[in-house]
Structures are given as structure tokens and as C-alpha cells.
Amino acid sequence: MSDVTPVVQGRNLVKRYGHVTAIDNSDFELLPGEILAVIGDNGAGKSSIVKAICGATVPDAGEILIEGEPVHFTSPIEARERGIEIVYQTLALSPALSIADNMFMGREIRKKGWMGDWLKMLDKKEMERFAREKLTELGLMTVQSITQPVETLSGGQRQGVAVARAAAFATKFIIMDEPTAALGVKESRRVLELILDVKSRGIPIILISHNMPHVFEVADRIHIHRLGRRLCTINPNDYSMSDAVAMMTGAMEPPDDLRAA
Amino acid sequence: MSDVTPVVQGRNLVKRYGHVTAIDNSDFELLPGEILAVIGDNGAGKSSIVKAICGATVPDAGEILIEGEPVHFTSPIEARERGIEIVYQTLALSPALSIADNMFMGREIRKKGWMGDWLKMLDKKEMERFAREKLTELGLMTVQSITQPVETLSGGQRQGVAVARAAAFATKFIIMDEPTAALGVKESRRVLELILDVKSRGIPIILISHNMPHVFEVADRIHIHRLGRRLCTINPNDYSMSDAVAMMTGAMEPPDDLRAA
Amino acid sequence: QSMGACLITKTDTNPFFVKMKEGASAAAQEAGIELSTFAGKYDGDVETQIAAVESCIASGAKGILITPTDSRALVPVITQARDNGVLVIALDTQFEPADAADATFATDNFKAGELIGEWAAATLGDEAANAKIALLDLNASEVSVDYQRDQGFLTGFGVDVKDPKDIGDEDDPRIVGNDVTDGSPDGGRTAMENLLQVDPEINVVYTINEPAAAGAYEALKAAGKAEGVLIVSVDGGCPGVKDVQAGVIGATSMQFPLLMASKGIEAIKSFAETGEKPANSEGLDFFNTGVELITDNPVEGIPSKTSEEALEMCWG
Amino acid sequence: MSDTPGAARKGQEYEQTLDRSDKNVAAFQRQHSPIEKAQHVLHDNPTLVPVIVLILSLLIFWAIAGGRFFSAFNLSLIMQQVSIIGMLAAAQSLIIITAGIDLSVAAIMVLMSVIMGNLAVFMGIPSVIAILVGFVGGAAAGLFNGLLITKVRLPPFITTLGTWSIYYALLLWLSGAQSIRGTDIDTNAPFLKFFGNTIKMGGANVTYGSLLMIVVFLVLWYMLNKTAWGRHVYAVGDDKEAADLSGIRTDRILISVYMVAGFVCAVAAWASIGRVGSISPQSFYEGNLQSITAVVIGGISLFGGRGSIMGALFGALIVGVFQSGLRMAGVDVLWQVFAIGWLIIIAVAIDQWIRRVSA
Amino acid sequence: MSDTPGAARKGQEYEQTLDRSDKNVAAFQRQHSPIEKAQHVLHDNPTLVPVIVLILSLLIFWAIAGGRFFSAFNLSLIMQQVSIIGMLAAAQSLIIITAGIDLSVAAIMVLMSVIMGNLAVFMGIPSVIAILVGFVGGAAAGLFNGLLITKVRLPPFITTLGTWSIYYALLLWLSGAQSIRGTDIDTNAPFLKFFGNTIKMGGANVTYGSLLMIVVFLVLWYMLNKTAWGRHVYAVGDDKEAADLSGIRTDRILISVYMVAGFVCAVAAWASIGRVGSISPQSFYEGNLQSITAVVIGGISLFGGRGSIMGALFGALIVGVFQSGLRMAGVDVLWQVFAIGWLIIIAVAIDQWIRRVSA
Ligand SMILES: Nc1ncnc2c1ncn2[C@@H]1O[C@H](COP(=O)(O)OP(=O)(O)OP(=O)(O)O)[C@@H](O)[C@H]1O
Ligand SMILES: Nc1ncnc2c1ncn2[C@@H]1O[C@H](COP(=O)(O)OP(=O)(O)OP(=O)(O)O)[C@@H](O)[C@H]1O
Ligand SMILES: OC[C@H]1O[C@](O)(CO)[C@@H](O)[C@@H]1O
Ligand SMILES: [Mg+2]
Ligand SMILES: [Mg+2]
């Protein structure tokens, strides 16, 4: 496809749920520094494929390579340890826990010295400071307190926390599954800015979205998913939204040279 | 405002949740035969106000008039009995029950004769026939069987079931709370067509949406909600999307003559 | 087909019944009887005992030995067994009415209580008039062993018991109170603590059985009253006899579960062979398997055995 | 499209191609192994699982304990033995289908049997009236549970943990902790023992109580599956909020479920007098957990909304078969307890394995 | 913007005004009634509720039963009496915080005390080793529960309903249904009774066992609130799927929770030998429900993720105070049962009322 090694590559991935084949021999690549949009009908398998990449589900067949090296994630933690972050459609926040607790979930900071080493005591101050800093950076500091439970936040604010968490810790790439679906115009805009901001820090992003204007605005490449597999990838500078929609809904055949293997 | 009696009218509605005032002395009207769009930031109180109208929450103060007559709904059933249907953001379907069961939830059809009168036996055949008919009418009959549990449907199909249910039974008006948020391009289109179809049957619709192109496409009037109250209502033929967004986000003052009381 | 018999005990968690089971099994083997054993899951488990009786009928047993967990509730099912030609013998606890069973082999529980009551009164001498008595009973359901021992003890001690089938209707000021123990050590301890709270001057403690007595002693010890309080009990298990020896229990009424069991097996055997049913003891509505007062501080006029002698006869 | 007033009337430009879009839905085919096929069959008919377990355990104990076990007499005896717990399990199923749990069923039942007995045996009130008072009492006890759950919004587990103590204390008080003798019932109120009557057929000894249990299950099955009320019960258990929003009076449904369950407990109370032959305040102390055991072995989900009430019948029978079989095989109570523990775990594990396939 | 390739690089036209949008968030102020204020204070400090209930019940029984009730001696006695159920409640809390429930805690405890006793008293193994074997056994029993729950995916209620039977059967078998006598323990393995020792302070009689209970609570409180493990435990109980996706090894956390709980049960087993003075298979038969009662009165949500473990300590103490107070007031056992039933309902109803306010 190109001579740069993809940051992540999936080959012939398959995932079945009982009678349903959610991923049907699909391929996938994310290139360094890019924003890759993934579009497709409801149920096409978009969420399934990114979950397979980040270890949230284990594919039934196929291989996944991170920077050319095969990996077999069995849990999102393993992906996370390699600097891969994902913002799920369902957000994956713990409602009763605080913003700070949620941001550091699974990578808490311990106190320095014996308190941390021996008593495993958390450094709450430091975590709160860091969380506040990150949220402020993202212009999301409209929340009253970093220690307030996530369940007291509005949908948009929650989305902000999830995105901030991913942006703060990703070193390899970030996956965002419909991050703006529930958001208002203003809030969506902020998330898009954030995506561009992350990209400018050199971290590539996979963005799943049904919002064509958003996709065409930020994506470097668009992966079109249909019936469980990659139909093709297109460059948004070469194709119009109409073309993309036509391909993704089966109204138009993809150009032969772009067709996926 | 106009001399026709609004189908539904809210006056000085107030609803508080603990510290939060979700509806802050807001007004509301829906006129006969129209599609009224409600737009506003996340957390502006859009869902809260429509819930108050359909009896899902009881407002702390203010009055609600249906066709000019004051009502005090204490549960969605009472609203439903008057022909008001709502498609919730969360859909409100029972995952383990069948499509037909869900469509008729709370208004099941009994067998004719003593079996129905005395033994209260349901007429499953008839309900399934009717459900199939409705889904087919809406072009949603891609489901395998009308008796399959809703949990086996895709998000788009579920949305279809919820919308079909509302459309089939509404006689007064229908409320739709972000019905396309999770839907793909194709599926969203179908829902918009459905909305226009319902309108053509003379049933007015309240549509909450963050999608400005959708709103401007179908709405006859746009209710702009901001900080818990109605800021103004505009006619989409007189204002641009930019104006609407500017007003709803506080970037622009609404024209004095449209300002809500 | 060999001759079958059943033993149904209250629980499997009380050494008394475990001993009874061992005794019955040994006797059955000797007599060439195939013995099936059953037990409730807890004291008061009526259904399990009913189901056990029914299974015995279904399996064609010749006789059933049972310690009824509720003396009234089990009457109908054993009547059914008898109607089916099965010999039913109550062990340890009488049915109400006692003749619901073909025979009963039991300790005279009222007597058992009376003996320790008399002993306690005699030991205190004149002080008995000012005694402060704690009564640690079985449980809220007041089965026959429970009230028989309790009321027997009070009678022996010289308290007016009013209704001899009702625990707690007495108004003698010497009684500090009643509490339940479930016949277990932890129950005994808590009950003792509770009654000590009501009156720390308690100096006589009646307990339903020896496990409860052991718990009561722990409570007294913790309250610094290990000395100077008389604990009396019923059972005569070897652990209990050793407690008598150690001065933990002042006196206990020994029962003979092995005898009950072997007598019961014998009766079934002779019933199966000759159709003869066992007879009751003279003047009683049950066959008395005997009771012995065990104490190392004998008193005038009440025959008793010392703990050393008792260790030869004890069970468990 | 440009952003000027009134210009947005035909949908986005990029959507114009949608008319030509593919109208088919994805359809995938693949081979299934025989095990997967079996899993699917069972998935589609989940009540088959307890039925199969029941048949297997009958066969196993037949092999172990022989013809005496498999006799008509013993099988009808098992039916008798499970009849009371079976009826409690029927009541429990109703509640578990609404995602609740009821720790008080057995206490309600015993309390009502004590009330029926006190009225009919000691106070000389006609049996029929005593029984009706018991029925009303059972429904009232259920109503009290239901009100606490819906109006005070206590979780069912906590509510019934509390009311269990309350009902238990009341029954001890009313009974004076004394059993009512069988002979007293026979003389003063024999009708209380009605369900103890038996029909002898061949070697079998079928009590009216066993038949009553089956009738109770059939009636509840009908109510759950053929009436609107039943659909609402399932909907409430499945997703209460969704049911609420889709116009079900969920509180009313819940209250009615607890009342029906309380009523069924009172019916079981009447039957229990026939079964036990006397009225004992200390009977069925473990009936709550036993009824739950039957329900879960019968494959009804503790999370609500799923499972057929008939499963509970089979669950109760499975436990009965195990206990009877082990007893006949001469196994000690303690190993019976042990076996029931494993039975619960294994039966539910099989059930989970089957549910793991999506339809 | 028109729909041509590469033309969509600056966002929608209608969004251009967003720069000027209002940056403030809505802020509403209003008056609160004193009751609402109290409700809010309690809402923010939910553990205050059981503390207040505890203080109130102390005062009430002081008034009813007088100075003897409120003496240092009696208060220290209540501590002693609740110490074992208190430790079981600590173990139970851990599990309930993960949205589970453990019906086997008491069986694990009694089983481990039997094992410790058999080893040290009858087999002559040094007490310390016997105790350690018990600790390992407790953790292993917890591990078994945890594996069934995570790997076989059985609901906790069902799992522990099953393992309760299994552990109970094992303890009957190992004990041969015999109690181990206090004097035998004194002679052969007095260290098993270590926690029965008392410190006398003023009139109070504080056993080491009471202190141990407090230490157990403090340690678990620290683990839950000050370590990453504790955050993960809450997260798992709050929303398991979210915790999974946000990178918590939820299965591992759950297994560790059940193991810690099993270990705490074994610690309680040791303490129970000191408390009871002997080892009896028939002790603590109702310990499971009693521990759950303490937890719910302590305001820990059965739905998981909410509540402080310290609540369970207060919950256990409240029950102890009630039992002691009612007894001193001369109330029959049966009315004690009745009162505990109401206590559960009222305590949790208050808790619900407070939770109904949003923060
Ligand atoms: N856990 C699961 N169990 C069963 N089926 C599943 C599961 N997850 C996904 N599926 C099925 O797999 C298919 C692909 O689902 P997926 O969520 O990947 O679609 P998607 O492209 O993300 O759709 P959407 O745009 O609606 O989010 C769907 O048919 C879905 O029903
Ligand atoms: N049940 C509730 N309890 C507490 N607060 C609530 C509840 N429902 C809504 N709120 C609060 O009321 C405010 C208005 O919420 P509402 O859901 O009406 O907003 P919305 O305009 O529909 O937002 P969105 O576009 O995100 O759906 C928010 O601050 C929200 O947090
Ligand atoms: O629990 C009461 C039972 O305990 C015993 O005293 C044995 O310890 C029995 O005689 C009695 O039936
Ligand atoms: Mg998706
Ligand atoms: Mg909303």
C-alpha cells in the first residue's frame, strides 16, 4: 500500500457472534500521523473492528501488527500499555467515581517514598492536579470540581472527560468511536478541535463517525466499511461526500484501484 | 402568538433536580400540523421540557394545556391515552421481548369473545400482523421475524421499531428526542422521511436534534432553548443555520420581537 | 432381602446424635439389619424428617427410630408409617401424645432436670432462698425436651413452675431470666452474657445441654465469675463429664444415647421376627433409658456418680 | 447547499445518491459443529435444559438406587415432597422474573397456615372462612412487600429480609411457638387437610397437593404468557425504566406481582397443612432459599425478564429427585447437602453456557 | 460549502459564529429548606446516617433500659458480641461493593475454625501453623467462589448459594459433628483462643477480638480508599463493563476481592474460637444473613460501587445495640426478631430518602 510501516495493521480479521459475522475477513491500516476516518452503515462492523484492534474483543482469526510487529491483545490493558487509547461509544466511565479517579483508572499514581512503595498509598493530590491541568488545556474546565462524581456531569462534559483521558495518555494512537454522536454543535466543535490538536502532537487517530461533514473536515484518509469488511479507502481530496455515501451504502461500486484485497 | 389553539402549550414550566434547575420558567407551544424543532446546547433542558409535556416527569411549577385544556399528567400513560407518543433518547424498548410485544406494550389486543373477555387471552396473531404491516409501511421490514427479541436488532433497526411504534399509535402529536443521533446516513434519512410522512398525515411532531441540516430541512418552526428556557422561536425560512447556532450558543442576541416572554 | 430399618435424628451437628447413630449402626450390624440414617439440617427441620420417614416407608423398612424435632408436627407422618406396618420408636424426645409412637426410649427429661435442680438447691443450702437463676433454654419453639428439662430443673430447685409445659411463665423473683442457645456454644455464651447484664449476681445457671454449658462457662470466665457460679446441665457426653471433672460444670444428668439406639434396634428386630412391640417402663408413658447424676460434689440424699466413674460410662 | 435562510429543504447534497443504495441486509452463512447446533437448539428452547437434567437425574438414580427408586410409588412421593417448595418456587419465580427476590415467601406461608389453624382449630371459625382469611392475609403480606418496594423504593432483597423477620416474629407470636396437633385438626377442621387426600393409581399415591402444585404452575404460566399482565411483568423485569417510559404502570405491576406471590404462598399454606398433617411454626424455615434454589436450577435469570416459570417446576423436581435418590442410595444428609451445592453450580453453569450463544 | 472533493476543510459554515459563543455555564441559585439542607449534608457524607442511627439508638436504650445499659461494661460487651458478625460483615461489604453477595461467608468461617481446631488440638500441629493453614484455606475457599463467578460466569448469589452447601457439608464432615471442647483447646492449643483475652479499662472489658474487628475494618478501609486496588474494586462494582473497557482487569479484581473476603473470614474464624471458647460446627448458622443485615443497615448499596465499609461496622453495632437494649428492657426474643426486621426497613428507607437528592 505504501512504504511506511503502518502504526497498526489488521489482516484478514474475522469475528463472529453466534449467527452474526461482525467482521468478515477485513483488513485495516492506520498510517503514522494521520487521521483515519472509518465510515459505514449501522451494523457494518466499525465498532467491532476497532475493538479487535485495541484488545477489547479477541478476533476469531486474522492478525494484528503494531508497527509491523504481530500482537495478540487479550484485554484493553495490553493495548493501553503500548500507548493505545480508545474512547468508546459508551464512554466507559464509572459514574460513582470522581473525574480524577476516572482519568487515572488503571494507572494511578502512588505517593513517593515508603508510603507509596510499602503502603501503596495513592497520591490523590498529584492526580487531581494533573487531571485539572488536562481538562483546562482542553478548555473543558467548566466542571465545578475535579472530585465530583462523573454521574453529576452532563453528557457533553462526560464525553470531554473520556476524550481528555485518551488524549492525556496516548503515545501510539487514539481510537474514537462516534465521539460526537450525543453532542451539541458547540461541544462537537470542541472535540474536533481536540482531534486536530492531538494529531498536531504527532499522534494518529482513528475516528468513527456518521457525520460526513465532520469526517470530510478532519480526515486524511477514509476507510469505508461495508457488510463486515473494508470496501476501500479513499482520499477526501479526491472524492466528494456523495461518492463516499454512495459507496458506503452500496449505491456505487468503489473504483477498482482502491478496492480492498 | 397566533389565533390557532396550540396542540400543546406549556406556561412557566419549572423543574429542579436538587441543585440543578433543568427547566427555568420556560414556555412552549406546538401548533397544529407543524414540525417544531427544538435545539440547544447539551444540558440546556430540551429533554427535560419534553418529558414534562408527556408526563414522564412532573414539573414543579407551571401549567400544561392540551388543545387549550389544562392537564396534569403524572405518568406517560395518561399522555398516551390522549394520543401523545414519544420516542425517547434511550428508546424505551424491552430487549428480551419481541418486536410485536414491544410495539403493543401497554395496549395489547385481546382475543375476541370469551377467551379475551374472560380469560384475557392476547390475540398474538393479530398483533403480529399489525406490527408487520406497520414496519413494512415504514420500509423497515429487513428484520427476519416480528417475534425476534429486540436485543437481536441493530441500533438502527431498534430506532426504527421505536419510531414505528410512535407513528402507529399517535393521534395527537409525537415527540422525538434525538432520533437520529446513533444512526448512519441512510438510516437517518429514513427517519426524516418518516417524520415528513407522519406530518403529512396531519400529526404534528416535536423534533429535538443537534443536527442543524436535519433541523433546517424538516422544521416548520425552530424553538431555541438556552439555559433552561426558551430563548425564542424562529422560522427557518427567515434565519440561517449560522443565526440559529449563534443564538443557541449565546453568540448572538435573538431579535427582540421573537424573544420569549 | 435383608431387613431394613431407619434412624432419623434431629441434626448431624450434635455429638449426641452422632453417638446415637454410631451405636445404632453397630447394633444393627450385629443384628443383621440394614440401617439407613437420616438427619435434619438444623434443630427444627420438620420437612427433612418428614421426607425421611416417607422414604423409609417407600423403601420398605421394618422399623423407624426417630428423635422428633417437633413432637407434634411429626405425628401425622409417623401415624402413616405405622398404618403401613412400620414399627415407629421415638428416641430421646417424646411425641405428643407419647403413644403416637409404638414406643419411646428416652431419658426421663423431667427427671434429668429435677436431679440437677435438687442438686443445685442442696449445694446452695440456705442460700438457695436468695439464689439468682439463669435459664439457658433451647429455642423459641419450646419442644418437649426443652420444657421438660427446664421445668424439671425448676421443680427440683423448689420453684413453682405453674404450667409445666410453658417455659417462662414463672414469677419467682429468684429467676433472673430465660434466653435461648440453640444448644450450641456460641448461643450459650451470648445468652449467658445477656443474662449477666440483667443481673451480674447470677449464681445458678441451668443449661439445656453441655455444648450450651460450655459457652455459658466462657462468658462467666470472661466476666471474672468462673468461680462461685453453679452450672448444671444435661447430657453426660465425655466432653461434658471432663468439664465436670475440670469444675466447669457443677453437675450434669447423664443420658444414654447408645442404650436408646441399641434398645431401639433390638425392638425392631424382635418386632420383625415375632411381631412383638416393646413395653413402657412401669408408670411411665415411655421406656426410661435411665439418667445418672454426675458430680464431684455429691450431696446427701441424691445418689450420684463421680466424674471418674462417669468417664467409664460416658459417650462421645 | 449554502447557508442562507430557507435554503435547506431537500436534505444534504451528499445524500442524493441514497435512492440507489443497496436494499439488502447482510446475510452470513457458516458451518456449525454438532455441539454448536445443540447449543442453538437449547438456546431457542431454554426450558429444555432443566427437562433434560431432570430426565438424566431420574435415569442416573434409577441405575444407582434401583427399581425401588423408579417405582410409581416413589415418583409420586417425590411429587408430594416437592409440592410445597414447588408452590413457593412458583411464587418466587414471579418475583424473580421482575428482577426481584423474595426472602419472605416461606415466612408468609407458615404465618398463613398458623392463622388458618388458629382460626379454624382454636376459635371454631368454619374452615372455609379461615382459609379465605389466610388467602387475604397472604395477599396483604405481599402487598406490604410490594408497597415498600415501589413506594419507599427499597430493594426487594432488603425489603423481604426485613419483612421475613417481621412475619417470622408474628408467626411465633400467634402460634405461641407451639405446633397445632394433627388430631386436633382432624377433629375440629378436617377441611384444612383437604390437600393431603390422595388418589391411588396403580402403585402411585398422588396427593391433591401434588395436583394443586401443577395447577398453580399452569395458571401462572398462562397468566405470564397469554395475558397482557404477563407481558408487562416480563417487561418490568427486563428493563424497568424502559417499561415505565413505554407506558406501563410499573409500580402497579410490581405490587400486583407481590400480591399474587403472597396469595400463592397462602395457597401453599393450605396445602402444607395437608402435607405436614399438622401446623408447625418451625417448619419450612429454609423454604426461602429452597424456593430460590428451585428457581435458579430451573434456568430463570436472577436478573429478571428471562426464563419460563415452568423451569421452576422442573427445578423443584430435580432437587426432589436428587434428595430422594441420594436418600435411597443411603447417602448421608451431609453428602446430600454437598450434592445439592454442586447441582446448583452445574445446572446454572450449563444454562450460562447455552445463553452465551446469541440467537 | 459545496459537496466537491477536498472542499470541506473548515467546518460547517453555520459553525463560524461559535467563537463568539457564551463561555459561561448555567448557574442557578435557590433557597433550600432546613430539611433539604440536612438532606444535602447527609447526601455528601452518607456514612453519617448509620452513625446518627447508632447514636440515637444508644440514647433511646439509655432512656429505656437505664444506666446499666449505657455502662462501659455493657458497651464493651456489645462490641464483643458483634465482633465476629462484624468481621463477616467486613468481608461481606467488600463483596457487596463489587455488586456481588456472598452467602457462604459464615460457612467458610466455621469450616476454617474446624480445620484450625482439628489440626492444632487433635493432630498436635503447632497452633501458628494450624492458623496459617486456616488462613490459606479461607483464601482458597474465596478463590473457588471467585473462579466460579469470573470464569464460569455464575452470578455471585447462585455461586455462593451452591458453595455454602458445599462448605457446610465439608465442615460437618471434618468435624464429625463434634464440638471441640474449650478445655481441650486450653490444654493443647491455647493460642487458638488468643483473641478471647481481654483488656480491662475502667468498667470496660475489651477483648482482643473486639480490637481485631476494628483493625480489620481500618485496614480494609485503607485498602479501599487509599490504594489503586480499592479504586478498582469500586469501579468494578459501579459498572463492570466500563471498568473492563477502561483497562481494569476486572476478573482479577473480583477474584482478589473474594480471596480477601475468604481470608477475612478465616481471621474471623480464629477470633471466633476465642469468642466462643470452643469450636462447634453448629455455630453461626445464620451468620450469612446477619452479615448482610449489618451491611445494608450500614448504607452500602446492594447494587455495588457505593457506600463506605465503615458503614458495615456501624451497621453491626446498631444491630448489637438493639439486641442488647431490647433484652435489657426485658423484651422477648421474638420481638427482638420483629424489631430487627423494622430496623432494616427503616434504616434503608432513610438511606434511600437521602440518596434521592442529587449532589
Ligand atoms: N457483543 C455482541 N454480541 C452479538 N452481536 C454483536 C455484538 N457486538 C456486535 N454485534 C453485531 O455485530 C454487528 C456489527 O456491530 P458493530 O457494533 O461493530 O457495528 P457498527 O458498524 O459499529 O454499527 P453502529 O454504527 O451502529 O455503531 C452487528 O450486527 C451487531 O449486532
Ligand atoms: N434525572 C435527573 N437527575 C438530575 N439531574 C438531571 C436529571 N435529568 C436531567 N438533569 C439535569 O438537568 C439538566 C437538563 O438536562 P436535559 O437532559 O434536559 O438536557 P438536554 O437539553 O436534553 O441535553 P442533551 O442535548 O445533552 O440531551 C442537565 O444539567 C442535567 O444534568
Ligand atoms: O438440642 C436438644 C438436644 O440436645 C441433647 O441434649 C443432646 O445434646 C438432646 O438430648 C436434645 O434432644
Ligand atoms: Mg459502532
Ligand atoms: Mg436530551
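Model, not experiment: these values are computed from the prediction. So that the names make sense, note that chain A is the first sequence line, chain B the second, and so on, each numbered from 1.
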If I measure from the heavy atoms of chain B, does D/Arg306 come under 4.5 Å with its side chain, its backbone, both, or neither? side chain
Answer key: most heavy-atom pairs under 4.5 Å with chain D among B/Pro76, B/Ala96, B/Ser75, B/Ala56 is B/Ala96
Who wins among B/Ile86, B/Ile109, B/Leu119, B/Asp123 for the most heavy-atom pairs under 4.5 Å with chain D? B/Leu119
So which atom in B/Ile208 and which in B/Pro179 form the shortest heavy-atom distance, rounded to 0.1 Å? O-CD, 3.7 Å
Relative to chain B, which of D/Asp244, D/Asp239, D/Ile248 shows the most heavy atom pairs under 4.5 Å? D/Ile248
Interface residue of largest heavy-atom contact number with chain B, from D/Gly230, D/Gly237, D/Gly247, under 4.5 Å: D/Gly247
Measure [X] against the heavy atoms of chain D and call it side chain, backbone, both or neither at under 4.5 Å.
X        : value
B/Leu97  : both
B/Lys111 : neither
B/Glu85  : neither
B/Leu192 : neither

Judged by atom type as modelled, is there a donor-acceptor pair below 3.5 Å linking the side chain of B/Asn102 to the main-chain atoms of B/Ile99? no
Does the D/Tyr234 side chain pair with the main chain of D/Gly307, one donor and one acceptor, at a distance under 3.5 Å? yes
So that I know where these two stand, are D/Phe217 and D/Tyr222 an aromatic pair - ring centroids less than 6.0 Å apart? no
CD/B/Glu34 to NZ/B/Lys199 distance, rounded to the nearest 0.5 angstrom? 8.5 Å
Should the pair D/Phe135 and D/Phe263 be assigned to parallel (<30°), tilted (30 to 60°) or perpendicular (>60°) ring geometry? perpendicular
